[in-house]
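Below is one structure; the comments refer to it alone.
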2 protein chains.
Amino acid sequence: MQSILQNIAKHISLTPEEETLFLSKTETKQFKAKTILLSAGEVATCTYFVNSGILRSFNINDNIIEHVLHFACEGWWIGDMYSYISEKPGNLFIEVLEDAEVVIITKENQQQLFQEIPKLERFFRILAENSLVAHQERLMDNLSLTAEERFEKFCSKYPTLIQKVPQKHIASYIGVTPEFFSKMKARLLKK
Amino acid sequence: MQSILQNIAKHISLTPEEETLFLSKTETKQFKAKTILLSAGEVATCTYFVNSGILRSFNINDNIIEHVLHFACEGWWIGDMYSYISEKPGNLFIEVLEDAEVVIITKENQQQLFQEIPKLERFFRILAENSLVAHQERLMDNLSLTAEERFEKFCSKYPTLIQKVPQKHIASYIGVTPEFFSKMKARLLKK
DNA sequence: ATAATTTCTTAATCTAGGTTAAGTGCTCTT
DNA sequence: AAGAGCACTTAACCTAGATTAAGAAATTAT
């Protein structure tokens, strides 16, 4: 398992005391599949780091159609960044897809950690920058690639997810309907 | 004009000495419209802050089709974040659309500034977080809204740009062809 | 085990937006 | 001011992907 301290150590180095302090400001919890950690309309007060299991974030359009923004499995962070930083009600849901162990950091604790360990500003800057780059790439992919190409990219980028999450969620992430996804998959298998 | 120091002051406060130090690590330049500040294939060594004028970033698909990632006018930052942080050749172009004055920060100088004024880590963290949120929203919009809705959102978000940049670039940003954009605009005017 | 609920597939039909192509009006040059 | 490019429009036709609907397969709950 990739621990949160290892995740941090990829970009900055903490002393053992700092590591202990950091962990003291977090809480680790287990959640069953289908648990909703955050609902649209709520203010996101925490960010989540996934120790094990799978989560997803999504919004719901016109009370009908879901759109998956993000999947997170072992070693990934997930949250509603908009709501978290603006402290306004967000429009994302965060749901557990596969039984998970999650490290929770409240915004309050994160702010305290920034005071006590300023190096963490750097860590979260790098985290945000990397996430930004990934989102920019996905945006450009949505503008310039076909559904088939986006699916192939998804497969090579997240090979483990394909087996594990319901394909309707992958369809949603790619940006197509489940029906079209199914048709596309059948077409690809013939090749 | 919104200066870069005012932009920073929105999120952190620098002492006069720190402000002087910061400015000493930047370079301000004028560019004529049509100037290319960065080409695909190059490593982005700088980030840009726009004092005046308009810039855009875009990529080119299959050597034919341009896709606009971002516009930047007075008070905005622009760059190729992927290339800048990975130090690998990027695939974005950055072009001046309207005569501009630009503050340039090299990565080297930015790193030195991070050493000398650690508070800046916080500023750039917040900058990256805000940009991330904007990209997430645009991604979700591309997945869930029609071209017409995306155009309306663009108009209310960037009212000044509509008069100033060629509409083919707005079409590209929205994610439609210039021909369809033109048709859509005519349809909207009839209402 | 069995019923109930989800998820996935298939197929017919439809549409938002793409493509191609031709023409009109700009705005730079020189 | 005449030409050369660009930028925009219009229109006919095309297609990737959506919608609707119905059945099959897989999970989940009882």
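Reckoned from all heavy atoms, side chains included, excluding hydrogens, waters and symmetry mates. A note on names: the letters A, B, ... follow the listed sequences, proteins ahead of strands, and every chain is numbered from 1.
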Would one find a side-chain N or O of [X] under 4.0 angstrom from OP1 or OP2 of [N]?
{"X": "B:Ser182", "N": "D:dC8", "answer": "no"}
{"X": "A:Lys185", "N": "C:dT9", "answer": "yes"}
{"X": "A:Thr177", "N": "D:dG17", "answer": "no"}
{"X": "B:Arg150", "N": "C:dG17", "answer": "yes"}

Consider the side chain of [X], meaning its heavy atoms from C-beta on, and name the nucleotide among [options] that approaches it most closely.
{"X": "B:Lys168", "options": "C:dT9, C:dT7, D:dA7", "answer": "D:dA7"}
{"X": "A:Lys183", "options": "D:dT9, C:dC8, D:dA18", "answer": "D:dA18"}
{"X": "A:Ala186", "options": "C:dT10, D:dG17, C:dC8", "answer": "C:dT10"}

**Request:** Classify the nucleic acid contact of B:Gln167 as base, sugar-phosphate or nothing, counting any heavy atom under 4.0 Å across all strands shown.
**Result:** sugar-phosphate
Find the distance [X]:[atom1] to [N]:[atom2] and express it as a whole number of Å.
{"X": "A:Leu145", "N": "D:dG17", "atom1": "CG", "atom2": "C1'", "result": "15 Å"}
{"X": "B:Ile174", "N": "C:dA16", "atom1": "CD1", "atom2": "P", "result": "17 Å"}
{"X": "A:Glu149", "N": "D:dA16", "atom1": "CD", "atom2": "P", "result": "12 Å"}
{"X": "A:Leu97", "N": "C:dT7", "atom1": "CG", "atom2": "P", "result": "10 Å"}
{"X": "B:Arg187", "N": "D:dT9", "atom1": "CZ", "atom2": "P", "result": "14 Å"}
{"X": "A:Ile65", "N": "D:dA18", "atom1": "CD1", "atom2": "C1'", "result": "10 Å"}
{"X": "B:Leu143", "N": "D:dG17", "atom1": "CG", "atom2": "P", "result": "13 Å"}
{"X": "B:Phe181", "N": "D:dT9", "atom1": "CZ", "atom2": "P", "result": "9 Å"}

**Complete:** 5'-most contact on DNA chain C (nearest-nucleotide basis), A:Phe180 vs B:Lys34, goes to A:Phe180
**Complete:** Using a 4.5 Å side-chain heavy-atom cut-off and chaining through intermediate ILVMFWY residues, the residues clustered with B:Ile64 come out as B:Ile65
**Request:** Before accepting this row, confirm whether a basic side-chain N of the pair B:Arg56/B:Glu66 lies closer than 4.0 Å to the acidic partner's carboxylate O.
**Result:** yes
**Complete:** From the list B:Phe71, B:Phe124, B:Tyr48, ring-ring contact (aromatic ring centres under 6.0 Å, His included) partner of B:Trp77 resolves to B:Phe124
With a cut-off of 3.5 Å and sequence neighbours excluded, list every side-chain donor-acceptor pair involving residues 154-166 of chain B.
{"from": "B:Ser156", "atom 1": "OG", "to": "B:Glu152", "atom 2": "O", "distance (Å)": "3.3"}
{"from": "B:Ser156", "atom 1": "OG", "to": "B:Lys153", "atom 2": "O", "distance (Å)": "3.1"}
{"from": "B:Lys157", "atom 1": "NZ", "to": "B:Glu137", "atom 2": "OE1", "distance (Å)": "3.4"}

**Prompt:** Below 6.0 angstrom between ring centroids: does that apply to B:Phe181 and B:Phe151?
**Reply:** yes
